[in-house]
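Each chain gets a letter, A, B and so on, in the order its sequence line appears, and its residues count up from 1.
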There are 2 protein chains.
Amino acid sequence: MEFKEFTKIYEVSNQDISREVYRNNQNTIRIKKEITAVNNLEKIFNAVFYISYKKGFQAMSMRDLSQKTGMSLGSLYAYFKGKNDLLGIIQTQGWAIIKKDIEQVSKSHEAPLEKLKAVIKAHIFLSELFRPWFFFTFMEARNIAAVKSMEDHTQKILTDILVAGEKQDVFKPGNHHLTASIIKAMQQEWYLKQWKYKKLNVSVDQFADHLVGMVEAFCLV
Amino acid sequence: MEFKEFTKIYEVSNQDISREVYRNNQNTIRIKKEITAVNNLEKIFNAVFYISYKKGFQAMSMRDLSQKTGMSLGSLYAYFKGKNDLLGIIQTQGWAIIKKDIEQVSKSHEAPLEKLKAVIKAHIFLSELFRPWFFFTFMEARNIAAVKSMEDHTQKILTDILVAGEKQDVFKPGNHHLTASIIKAMQQEWYLKQWKYKKLNVSVDQFADHLVGMVEAFCLV
DNA sequence: GTCTATACGTGGATAGAC
DNA sequence: GTCTATCCACGTATAGAC
């Protein structure tokens, strides 16, 4: 599967995400008109990602955010209770995006190798589609327990596939936990070092294929 | 080479680092007695790493730092001009540690495969020895141009080895820039996700060997 | 729903005693 | 060299007009 294909199957836009956030937080968001709210939420998220990418969420002031969105300080506080609340909203949503996807993909395919390839690629493609969410979640949430448990969760999926593959004599024996962990690291690389791959002129598809190639070389009997 | 061996060859302690920092910054540091200065600098760095690991450097207040070091606010400012200055000092030193090592190691060995293994392992071992410095540098300096150029630099060393190996028919042809980049990502994993490998009970040596195994499987003809 | 004006607290930094 | 006390700016958050 290539990235283009993936985007057609996985039809979710940034607007959809903002709408989801709006509906999940209608109790705290003071805006009544959905269209207005969704549009502004999108503006807010983009601004947060932009500023946080450069200097981190903590260093971003509400005045920064006000300037970048073009909205006043007062308006912003109609969309979230406080800066900390905003952080929580983004993290929760980022988490939801990742979780939903992984579960979906890991159910498709049966053969271990095909399954492994599909899971690896799906995660990279998803992180490409929502790169700012992934980057932000990684950078700003590092020590939250929730994030660690999510890492464990997604890693377990990979480990299970490797173990199943070994039983079917498709994969070599070895420390599958460790292999799974390193695969995860390689996937993360794509959204953590975007600037590098832009400079190297490497596309998502190239990156994903290269990574799959490395995993195959190491795991296959 | 194993980690134990490495530590014997590379005989540098945290004290040595603090002393280096002291000597490099004698113009701005107001303390005259070296012993006092070096001891307190070490305390300061450890405190910075501890607090920043949990909430990031920006979120760390000078009062946090004062409490954790047991030194007063006033005293702290005798060691650096300001919070921003402190950040710069740590980053510069972190950078120096990495740079010095890599250059040293890349000169040893001649055969591409041996050289590749040595460079990969040395970096992992070094990052283990000075893990807080590496973690801090990665997390707090992500978008500084200096850091990007350093990434390029260390990556180039790996790329060159791969290219040389291909010419000697030891390594398969391929996108060596991309491979080098992914190797770097795998190395970084060791100090970025320390908590995970502690939980998995994976030692530095195991990790390094596993990684070398993956690279060999992929690169060797 | 969005704005401006403003209150209030926190945090970086310094002065000056010891 | 280190401390306490204090200054001042900046940033979060709210009130209330439009």
_Ring-face cation of K83(A) near F57(A) (centre distance under 6.0 Å, axis angle within 45°)_ = yes
*Under a 4.0 Å N-O cut-off, is there an ion pair linking K148(B) with E151(B)?*
no
*May I ask you to decide whether K184(B) forms a salt bridge with E189(A), counting only side-chain N to carboxylate O separations under 4.0 Å?*
no
_For K121(B), is there an ion pair with D205(B) - N to carboxylate O distance below 4.0 angstrom?_
no
_Contact pattern, 5' to 3', of nucleotides 2-18 of chain D - B, S or - by protein heavy atom under 4.0 Å_ = SBB------BBBB----
_Basic-acidic side-chain contact under 4.0 Å: D152(A), K156(A)_ = no
